[in-house]
Amino acid sequence: MIPEIGHFALALALSLAVVQSVLPILGASHGNVRRMQSARSSAIRQVFFVGVALAALMRSFVVSDFTVRNVAENSHSLKPLLFKIAGTWGSHEGSLLLWVLILTVFGAGVAVLGSNIPAATKARTLSVRAWISVGFLSFLLFTSNPFDRVSPPPADGSDLNPLLQDVGLAMHPPLLYFGGSMAEVVREGTRFLSPQDRDAMAIYLFDAEVGGGRGHREGRRGVRRAEDPDRLRKRRGHWPRSERNELMRPTRRDALKLAGLAGLGAGLPRGLFAAEDIPELSAQVARLQLLPDSYPQTEVWGYGGTIPGREIRVGQGQRLRRRFVNDLPQASSIHWHGIRIDNAMDGVSGLTQDAVAPGGTFDYDFVTPDAGTYWYHAHNRSWEQVARGLHGPLIVDEAEAPDVDREEVLVLDDWLLNPETGQIDDSFDHPMMMSHSGRTGNYVTTNGRYNLTLPVRRHERLRLRLINASNARIFQLKLSGLEGWIVALDGMPLASPAPVEDVLVLGPAQRTDLIVDVLAEEGETADLVDVGENFSQVVFTVSGTASQTRRAVPVALPPNPKMDLPDLAGATPLRLVMSGGAMGRMDSAILKGERMGFRELAAAGRFWAFNGVAEMTDTPLADLGLGEPVRLVIVNDTVFPHAMHLHGMHFREVSEDGALGPLRDTILVGGRETREITFTVDNPGDWLFHCHMLGHAASGMTTWVRVA
Ligand code: C2O
Ligand code: CU
């Protein structure tokens, strides 16, 4: 209804402008005072109607009304409010509307305040201004109505346009238009009493209105040039860098150019808007003292040459850009695990991008919609590359941080090292690694150290962000000398903090955010105990006191967007049966379209199957529609646990009584267990669904879903 009101207001403004473009100027040439004066009221009313139209459009942007095509194309529910508002002038339609509003405001200013202007001049001026309004308004109404509806509406807008998410660019159009009009007023107010000046004014008006608008739109075009390649790549696969600049879709915005409004002048230099200075994230070979000092250094592969990789930290809803530089002897790509990401940036070699060859680069550029603890890791030959150390923490900060004294990011990992040489065992592809529980190491570390020790104070409150970056190890942890609450799982906040009572289980790729209070006395230690290995994963040495008394139980973290429960009743049922592995019951499976026996499969390095197929197929496990609720039964017909990870979306577990668990991106399914998950399909693209025991993923446990 509101968009229709906007549309109607625009039509009324146009009819007023038509009248004003004729009557006053006729009045001036015939000396008819009443006609001359009619300009005043129509100028004021135009402000009102154009204002209503702009407000209606802005409201549609603010409430993310994607039934309005302009909003769907130029906004996104994840944009911060300021940029939703700025989206109003992020398209030529909205930008024109804003300009017409400023034009009419200043017109009304001339009409009301310009008492020093001779009546005839004033009448002519207002008519000339009205011509321009008529032009703009009819262009809007007849060629690119900003209030057009689209049906069915998309689930979300298509434009996160990160380049426009810059405060400067957001404010640029209003400031530019306002400034242009101010200059014009100064001119009108001071010296257009002579006929020559009237001519000058006419030229000036043309220049300011057409020229000023052009400058802005050229800016937009520059922006589009910079963003377009990514969109194209998303649709059609990876494009070589050199071709990118030529790839421009003609759009409705180009209609402006055809109309001759934007075609004047050379425009701004392209480079001004191109995305160039991206921070680099290199993957490189490094030698580190991973083992105790009496051992030799270990050659690892690390992001930034460190273990774990360099911590990346951004604010929620912000844009994250990194130029991946591959200094490894092997092709690679980076997956941003757990981020509900733009599919083109998901970093899956062979699905969402080509692996980046040694010496090559790839620019990752995306928005981080959810706060929480995430991680990034290699996604090409990941069973080798992650094992060699290619992973790092990715932390998205809440707008309002929880009340803790400090936080620690703890990346848990294990390594399979040769005890003699201290080097990484390179039997990555060995059948033993693939067909059993996965590549489990013989050396466990936290943040690359076997004896991580952190000083704390008694009664200090810490947030611990635990990340399991190992290939296959399931960590079982206990708190000692600490009282803790789970506040988030796989990045997503729990509705209320859950006290840690027993063993914390952390499967590969899973994360747990804890808030812990130090209860141990001064001079003692508190520990994060690895009950599986029976040693202290992290030692906290207590000295000093943070406060005399305990604090109150922590409150929940602020929720992330889109955490609503899926519609279980209407959900599409899917099923995934996992089979194979040592001691399993898989006697045959499909590989390369042919049924093969277990021996043949093993010879081809395949030990597992999803729904009887031992490879990632060309067709997805499921073709899903945006907004579709899904329930997926996962039957583990093997004797090993598997950590199933879905890319691009989080899901909830459905327990037997139908209750829904917390949002997760990775679920640990024990041997011979059946579990069910559910989610609303809300992220378009091709998403991998695989076991995060990375050797399993490589030997049959990988499939994918398509969301269109
Ligand atoms: Cu953590 Cu497919 O990835
Ligand atoms: Cu597995």
Side-chain angles (χ1 to χ4, degrees), residues 303 308-309 332-341 343 345-353 355 373-387 390-394 411-413 432-440 467-474 490-491 506-511 576-584 586 606-610 614 616 621 634-651 664-673 675 685-705:
Y303 292 111
S332 192
S333 63
I334 306 180
H335 169 55
W336 312 89
H337 185 117
I339 302 291
R340 300 199 264 191
I341 205 169
N343 191 249
M345 295 288 117
D346 200 38
V348 179
S349 292
L351 183 68
T352 65
Q353 68 169 92
T373 303
Y374 303 93
W375 64 303
Y376 64 97
H377 63 78
H379 217 300
N380 187 45
R381 284 190 60 84
S382 56
W383 66 100
E384 168 178 359
Q385 298 193 351
V386 174
L390 288 173
H391 57 75
L394 167 53
V411 180
L412 314 184
D413 198 2
M432 262 302 286
M433 301 288 170
M434 303 279 189
S435 61
H436 289 70
S437 60
R439 181 186 166 101
T440 314
I467 302 171
N468 182 351
S470 73
N471 275 45
R473 177 177 294 264
I474 299 167
D490 295 348
L506 203 60
Q510 292 189 318
R511 286 90 61 214
L576 183 79
V577 180
M578 312 195 266
S579 59
M583 300 163 278
M586 179 174 88
R606 303 301 166 124
F607 303 92
W608 310 91
F610 280 167
M616 171 142 157
L621 171 71
I634 306 172
V635 181
N636 182 357
D637 196 14
T638 82
V639 301
F640 296 100
H642 300 286
M644 290 302 299
H645 167 49
L646 176 64
H647 284 220
M649 291 168 282
H650 276 59
F651 50 77
R664 302 214 70 144
D665 60 40
T666 307
I667 181 176
L668 199 55
V669 186
R672 301 267 184 247
E673 255 184 24
R675 310 283 280 274
D686 295 344
W687 303 109
L688 222 53
F689 184 47
H690 64 92
C691 178
H692 223 287
M693 272 89 174
L694 297 169
H696 295 175
S699 55
M701 294 196 136
T702 301
T703 185
W704 59 295
V705 296

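Just so you know, these numbers come straight off a predicted model, no measurement behind them. For ligands, and for the atoms within them, numbers begin at 1 and follow the listed sequence.
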Please list, chain by chain and in numerical order, all residues satisfying side-chain hydrogen bond (donor to acceptor under 3.5 Å, both in side chains) with D637, sequence neighbours excluded. R585, R672

For a side chain to side chain contact (heavy atoms under 4.5 Å, CB included) check, start with the C-alpha distance between M434 and W383, then their side-chain angles and the critical distance, and finish with the verdict. CA-CA 9 Å; M434 303 279 189; W383 66 100; 3.8 Å; yes

Do the side-chain N and O atoms of H335 and D346 include a donor-acceptor pair separated by under 3.5 angstrom? yes

On a heavy-atom basis, the closest approach of A472 and T440 is CB-OG1, 4.4 Å

List the atom of C691, the atom of H696, and the distance in Å for their closest heavy-atom pair. SG-ND1, 3.7 Å

When you look at N636 and M644, which way does the side chain to side chain contact (heavy atoms under 4.5 Å, CB included) test go after all the steps? CA-CA 11 Å; N636 182 357; M644 290 302 299; over 6 Å; no

Pairs satisfying salt bridge (charged side-chain N to carboxylate O under 4.0 Å, His left out), at least one member in residues 685-694, at least two apart: D686-R706

Atom 1 (Cu) of ligand 1 neighbourhood, protein N/O/S only, threshold under 2.8 Å: H337 ND1, H377 NE2, H692 NE2

Checking side chain to side chain contact (heavy atoms under 4.5 Å, CB included) against P508, which of L412, I474, N471 comes through? I474

Measure from atom 2 (Cu) of ligand 1 to every N/O/S atom of H690 and report the name of the nearest one. NE2

Let's test this: below 2.8 Å, count the protein N/O/S atoms around the Cu ion (ligand 2). 3

When you check the gap from the basic side-chain N to the acidic O, do R340 and D665 get nearer than 4.0 Å? no

Close aromatic pair by centroid cut-off 6.0 Å: H337 and H379: no

